[in-house]
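Remarks on the structure that follows.
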Number of protein chains: 2
Amino acid sequence: MSQTDTKQRILDAAEHLFARDGYHATSLRSITTEAEANLAAVNYHFGSKESLLEAIIDRRLRPLNQIRQGQLDALLQKTEAAGTIPSCRDVLRTFVEPTLRLRKQGSGSENFIALIGRTLAEPQGIAMSIFMRNMEPLLARLFQALNLSLPGVSRQVLFWRVHFVFGSLSHVMRCHERHSIVPEDVSIDMSVEEEVELFLDFAVAGMEVKKQ
Amino acid sequence: MSQTDTKQRILDAAEHLFARDGYHATSLRSITTEAEANLAAVNYHFGSKESLLEAIIDRRLRPLNQIRQGQLDALLQKTEAAGTIPSCRDVLRTFVEPTLRLRKQGSGSENFIALIGRTLAEPQGIAMSIFMRNMEPLLARLFQALNLSLPGVSRQVLFWRVHFVFGSLSHVMRCHERHSIVPEDVSIDMSVEEEVELFLDFAVAGMEVKKQ
DNA sequence: ACCTGATTCAAACGAATGTTTAAATCATAT
DNA sequence: ATATGATTTAAACATTCGTTTGAATCAGGT
C-alpha cells in the first residue's frame, strides 16, 4: 500500500464527510476511520485539518476551473471572430455544464460538488477563503462576458441577477439527493444535458428579462 | 434583571453567532459571553444547545409563516372571488416580501434571516429538521398555488423551478453583507420594495418561461 | 422579617477534539 | 543482507466542548 493510497483514501473520506456533515461537525477520527487509516495520518500527510480541506478543494476545483476557462475562452474567440456577441445562455453554459457534468462523473466527485455548494452558504467560513482564491479570476471574466452578452442590463441589475443565479446553482449543487419535500411523482434522475438545459431555461430567462 | 431579560439576551446572542459562524462552530461559552450571562444559563433556560436552536427558529419563524400564510390566503380568496387565477408574481410575493421585510426590521432579525439561509444549505443538519417542521404545511400550499398560477408548466418542471427560486432566495437571505466579489460601484442598499421587485423580476421570468 | 421558589454563579464533570511524540514497520536502493 | 528514509502505529498531549452540581443570590408574598 503506497503513500498515495492513504492520501487518496483520506481525501475521499474527508470529502464525503465534509460534504455530508460540514467541516466543523466532522472529526479527524471519523475521517481516518472511514479511510481505514491511522489518526495521525492526516497530520502526517496534510499538516492539519484545515490544510486537508484546502487539498480537497484544490484537487478538483483546479481542473474544473481550467475546463470552464477553456470553454469560455473558446466561446469568446468564436464570437469575436464572427463579429457577434455571445449569448447569455452560452456564457452561462460554460460555467454550469462542466459543474453538473463533473457531478455525474462519479468516484466521489458528487461529494465535492455538494461540498462546494455548502461552502457558498458559509460566507465567513474557512472553506470560503480557500474557495475564493481559486475562483476570483474566473468569476471576474465570467461577469465581464455576461455584461457583454446583455447590453440592455445595467451593471447594478446584472450583478444582482448573477447573484441570484449563483444562489440557484449552489442550491442545485447541494441537493443531489432526494429531499423530503420532493413530491413522489417528480423524477430527479436526468441526464447532464437535460439538467443543464432545464437550469439554463430558468436562469437565462431571469437574466434577460426587461424590468417590469 | 428579570428572567426574560437573560433569556432574550441569550436568544439574540446565539442567533447572531449561529448565523455568523454556524451551529457547530459556535460554543455555549461564546454565546453566554456575548449575552453577558453565566455559562449554565443556557442549560437552565433552554435545556440544551439543540433546544436553544429550536427556540431561536420558533421565535421568529412562527409569526413570519403566519404573515406569509395570511397573505397567500388573502390572494387566493381575492382571485377566487373574481373568478381568475393568481399571477405567479403575486403568489411568490406572499412568500418573499414578508421575508425580506423582516430582515430590514432590525433588532437582530437580519441574523435570523441569515441563519435560515444557512439552514437551507445543510440538508442533513440539526437545524433543517426543526425548520422543516415549521415550513412543510406552508410549502405544500405554496407549491399548490404556484401550480394553479402556471397552468402551462408541468409539475415536474415546476418543482425544479421552485427549487431554483428557493436557492436564489436562500442565497439572498445569507448574503446581507457586502461580499468580496461585489464590485465597488454596485450599491447594495435598497428599500424592501426595490429588493422584492428586483428579485421577483428574476424569479418570475424563470418560473414562467416556455421551454426553448 | 421570613419564607419560598426562581435565578445566578463558580466550579467541576467526563467526553471529545486537533495535534504531537517516539517507537515500530515498511519499502527500496546499495 | 543491510542501511536509510518514508510511512504507520499506539499512546499521550493540552484544550475545548456541552452538561451538571450545589451553594449563593435574588425577588415577591405573607
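Labels below follow one simple rule: chain letters A, B, ... track the order of the sequence lines, proteins then strands, and each chain is numbered from 1. A quick note: this is a predicted structure, and the numbers were derived from the prediction, not measured.
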Checklist line | Ring geometry between F18(B) and Y23(B) (parallel below 30°, tilted from 30 to 60°, perpendicular above 60°) | finding: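 Ring orientation, 0 to 90° scale: tilted.
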Notebook entry, point to check: Who are the side chain to side chain donor-acceptor pair (under 3.5 Å) partners of N38(B), not counting sequence neighbours?
Noted result: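 N38(B): no side chain to side chain donor-acceptor pair (under 3.5 Å) contacts found.
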Item checked: side chain to side chain donor-acceptor pair (under 3.5 Å) partners for S168(A), two or more places apart ->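 Per chain and number, S168(A) pairs via side chain to side chain donor-acceptor pair (under 3.5 Å) with S168(B).
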To the nearest angstrom, how far is [X] atom [atom1] from [N] atom [atom2]?
{"X": "N43(A)", "N": "dT19(C)", "atom1": "CG", "atom2": "C1'", "answer": "5 Å"}
{"X": "F46(B)", "N": "dT8(C)", "atom1": "CZ", "atom2": "P", "answer": "11 Å"}
{"X": "D5(A)", "N": "dA6(D)", "atom1": "CG", "atom2": "C1'", "answer": "14 Å"}
{"X": "H24(A)", "N": "dT16(D)", "atom1": "NE2", "atom2": "P", "answer": "14 Å"}
{"X": "Y44(B)", "N": "dG22(D)", "atom1": "OH", "atom2": "P", "answer": "16 Å"}
{"X": "I31(A)", "N": "dT19(C)", "atom1": "CD1", "atom2": "C1'", "answer": "14 Å"}
{"X": "D21(A)", "N": "dT17(C)", "atom1": "CG", "atom2": "P", "answer": "12 Å"}
{"X": "E50(A)", "N": "dT17(C)", "atom1": "CD", "atom2": "P", "answer": "18 Å"}

Check: Between H163(A) and H171(B), does the ring centroid distance fall short of 6.0 Å?
Finding: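 Yes.
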Would you please confirm or rule out a distance under 4.0 Å between OP1 or OP2 of [N] and any side-chain N or O of [X]?
{"X": "S48(A)", "N": "dG18(C)", "result": "no"}
{"X": "S27(A)", "N": "dT17(C)", "result": "yes"}
{"X": "H45(B)", "N": "dA6(C)", "result": "no"}

Item checked: NZ/NE/NH1/NH2 to OD/OE distance under 4.0 Å, R93(B) and D90(B) ->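 Salt bridge: yes.
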Next item on the list: Kindly state each residue pair satisfying salt bridge (charged side-chain N to carboxylate O under 4.0 Å, His left out) with at least one member in residues 97-108 of chain B, sequence neighbours excluded.
Entry: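 Passing the test, one end in residues 97-108 of chain B: E97(B)-R101(B), R101(B)-E193(B), R103(B)-E195(B), K104(B)-E195(B).
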Notebook entry, point to check: Base, sugar-phosphate, or nothing: which does T26(A) touch, judged by heavy atoms less than 4.0 Å apart?
Noted result: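 Result for T26(A) = sugar-phosphate.
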Next item on the list: Could you give me the CA-CA distance, side-chain angles and deciding distance for S30(A) and T33(A), then say whether side-chain hydrogen bond (donor to acceptor under 3.5 Å, both in side chains) is met?
Entry: CA-CA 5 Å; S30(A) 66; T33(A) 298; over 6 Å; no
Check: Looking at residues 12-20 of chain A, who's got a heavy atom less than 4.0 Å off DNA chain C?
Finding: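 Nothing qualifies; none.
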Next item on the list: Report the residues that fulfil ring-ring contact (aromatic ring centres under 6.0 Å, His included) with Y44(B), sequence neighbours left out, ordered by chain and then residue number.
Entry: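 Result, ring-ring contact (aromatic ring centres under 6.0 Å, His included) vs Y44(B): none returned.
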Note to self: Tell me whether R68(B) forms a cation-pi arrangement with F95(B), defined as NZ or CZ under 6.0 Å from the six-membered ring centre and within 45 degrees of its axis.
What the structure shows: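 Flagged: R68(B) positioned over aromatic ring of F95(B).
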Could you write out each protein N or O paired with an N or O of nucleotides 10-14 of chain C at a distance under 3.5 Å?
none

